[in-house]
Amino acid sequence: MSEDERVELRGLKLDWSEGRTERLFADVRTRLVRRKLAWRAALSSAALASLVCAALLVARFQHGENGASLATHSPAQQASTRALQLREGSEIKLDPTTSEVRVLSESASRVRVELVRGKAHYAVTPNPARAFEVHTGVVTVTVVGTEFTVEQRGESAWVEVTRGKVRVSWGDSEKERAFVAAGESGLFPSPNAATAAPPVAANSAEPDAENAAPDSSAARAQQAAQAYRSHVEKRDYRGAYAVLAHNPTLAGDTVKDLLVAADVARLSDHPSEAVPYLQRVIREHARDERAPMAAFTLGRTLSGLGRTKEAMSMFAKVRSAWPRSPLAEDALLREAEAASQLGDIQSAVRIAAQYEREYPNGRRRAEVRHYARLE
Amino acid sequence: MSSEPALRRPERVDERQEVSGGRVRQLGAEPGAATLGMRADLAEGAEPLPLQFDDVFRRYAPYVGALVLKLIGRPGYVDDVVQDVFIQAHRGLSKLRDPEAVRPWLRRITVRRARRFLQRRWVLRWFREADLDAEAGLVDPSASPEERAQIGHIYRTLERMPKDVRLTWVLRLVEGETLESIAELLGCSVSTVQRRLRSAQATMGDVR
């Protein structure tokens, strides 16, 4: 670009003095200092915030550790951690938002835990020299080495054993005790027994407490029972299960009630919840004509849950306990099927031979032989 | 305004010198005889030390002020923009070693700051401040009526132009920057600069 093309702004006021420079320089210096201070303040704030966050995290972490430690080392302290590791190696898992466990005492020979509310799963380290007790209400679960779950359900306790065997007691007499083995579960005591059988519950505070209960709770119980029946009549099993889950006593005690409760649980996609009802039918009403059906259904349910070995045992029980039942032949077939699934071909062959003997013209012969890999 | 004092790099301080208040005093010499930033010689092979902000500000503040006034055309905001330029320059000055690079570097910062200021013109217009001080203080009292008219016409016309078109015209016709330099300063292509320049000239007309 030539000089001719340039525009010279001769009239522009471009005066600049040294004083203006110094004044501006002072202003810039001030702004720089302020900016530096602001940065320092921001960094300090950030550092402080980080420290506070770190302190909170550490405190939270330590609280969690202390929770377990307190429960371990200081009995009677409430443990509210998800997994509580006891000093002797056993572990208690619970949801702290809904459940509460208190370690009452812990010694080399005895560990006493109280389930204050909710549900907790116990993985007890096998130790014949040490008794492990879980107390909830009037129920005491005593174990030597096993894995089980205890849940408070009103005045009763729901006990489900995953491994080993536990003794459940709710009084001093023999009738107030039960053994629950691996794969079994149940409500102890049953609602009727809770008011009649245990001396503690029957003769002392419990009946009075029931009598003194406000009308509203009785009304609510009645409403729940009506709703449950209504859902069942309409075959609305999901609705019925929702009511039953909040009112476990609605399951009842008769064979019919228990089978209905099992159906409610199974048909509302809660097959594992059906197991204890069916077990109760077998245990408490073994002579009822519907008991083999309950046992067979239990076998099918356990098989559906992938508990094949337990299912196989249950089908075997159908045959052995109720050999004249119309379901015995099918139970033999299902037992062979379970053995095949477990890869226990030897048992499958043995069952096939038994089927040949008992049902030489049986309509299930081909299937049984198939599971035994004889065809 | 055009008389810029010589800006020199600071020398390395040796055992015969001491540092005091950001300046180097030659030991054995009279205080003030040699100051950092005013020494002429740099030992060969020595790594140059960072330029001193004080010296850079004092030398280039008048240049930056004049450029800002030409670019934004509002004397009342010149000092603010100049401060912004040097605040930004303060952050990068420590990385600068070559005194010759200071002026183009400050020009680049000044153009960007002026552009940012012009982006906010709508706020000024909304408060009607643009009209109030568009010409106040812009024209030198000693200017002739013709010069006065020229300045008034140019900046009234520039006010109607988009900021990039306006900057292109000032940088090209007032500052005499090359098209490549303008493209670099405004972050666009040379053809865009040419297009903006044609557009500005069409609006401005003959002002010489």
Side-chain angles (χ1 to χ4, degrees), chain A residues 1-67 81-82 97, chain B residues 1-3 53-54 56-67 69-70 73 75 78-80 82-91 135-152 154-155 169-170 172-179 197 201 204 206-208:
Chain A
M1 191 177 86
S2 67
E3 284 297 318
D4 293 343
E5 290 173 326
R6 286 190 65 172
V7 175
E8 196 174 347
L9 301 175
R10 278 188 295 269
L12 205 59
K13 192 178 177 182
L14 293 175
D15 61 324
W16 195 274
S17 65
E18 199 172 325
R20 189 177 181 183
T21 301
E22 292 304 319
R23 181 175 52 76
L24 268 179
F25 182 67
D27 290 345
V28 169
R29 274 286 180 207
T30 307
R31 282 180 62 181
L32 285 170
V33 169
R34 279 184 193 156
R35 182 177 288 232
K36 199 172 179 179
L37 289 174
W39 266 107
R40 279 183 185 169
L43 284 173
S44 302
S45 304
L48 189 65
S50 303
L51 280 173
V52 169
C53 287
L56 285 173
L57 280 173
V58 168
R60 187 183 173 88
F61 179 71
Q62 284 180 343
H63 175 72
E65 280 195 335
N66 288 342
T81 52
R82 283 183 185 280
T97 58
Chain B
M1 194 164 175
S2 60
S3 59
F53 179 70
D54 307 24
V56 170
F57 187 92
R58 289 192 173 90
R59 180 172 190 239
Y60 288 104
Y63 164 71
V64 171
L67 182 56
L69 181 65
K70 288 174 193 170
V78 169
D79 286 2
D80 291 343
V82 170
Q83 285 186 36
D84 290 342
V85 169
F86 281 99
I87 294 281
Q88 187 177 338
H90 183 264
R91 287 201 293 267
E135 289 182 38
L138 191 62
V139 183
D140 195 287
S142 63
S144 67
E146 290 79 16
E147 289 168 344
R148 211 175 264 271
Q150 182 207 34
I151 298 293
I154 287 173
Y155 279 95
W169 189 87
V170 174
R172 178 66 175 160
L173 292 173
V174 178
E175 288 294 293
E177 294 283 352
T178 63
L179 297 179
L197 201 54
Q201 284 174 322
M204 186 65 75
D206 188 8
V207 292
R208 288 182 294 275

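Since the structure is predicted, the reported quantities are computational estimates derived from the model, not experimental observations. Letters A, B, ... mirror the listed sequences (proteins, then strands); counts begin at 1.
- The shortest side-chain heavy-atom distance between B:Tyr60 and B:Leu67 does not fall under the 4.5 Å cut-off.
- Separating the CD1 atom in B:Ile151 from the CD atom in B:Glu146 is a distance of 12.5 Å, to the nearest 0.5 Å.
- Expressed to the nearest 0.5 Å, how far CD of B:Gln201 lies from CG of B:Leu173 amounts to 5.5 Å.
- Counting heavy atoms from C-beta outward, A:Leu12 and B:Leu138 have side chains that approach closer than 4.5 Å.
- Only the side chain of B:Val78 comes within contact range of chain A, judged by heavy atoms closer than 4.5 Å.
- Residues B:Pro62 and A:Trp16 share a closest heavy-atom pair of CG-CD1, 3.6 Å.
- Of residues 31-38 of chain A, those residues with a non-hydrogen atom less than 4.5 Å from any non-hydrogen atom of chain B are, in numerical order, A:Arg31, A:Leu32, A:Arg35.
- In this structure, B:Trp169 CH2 and B:Glu175 CD are separated by 11.0 Å, a value rounded to the nearest 0.5 Å.
- Taken from CD in B:Gln150 to OG in B:Ser144, the straight-line distance is 8.5 Å, to the nearest 0.5 Å.
- Going from atom CG of A:Asp27 over to atom CZ of B:Phe86 covers 13.0 Å, rounded to the nearest 0.5 Å.
- Here the straight-line distance linking atom CD of B:Gln83 with atom NE2 of B:His90 works out to 13.5 Å at 0.5 Å rounding.
- At a threshold of 4.5 Å between non-hydrogen side-chain atoms, the residues B:Arg58 and B:Asp54 count as touching.
- Against chain B, the residues from residues 17-25 of chain A that qualify, each with a non-hydrogen atom under 4.5 angstrom away, are A:Arg20, A:Thr21, A:Glu22, A:Arg23, A:Leu24, A:Phe25 in number order.
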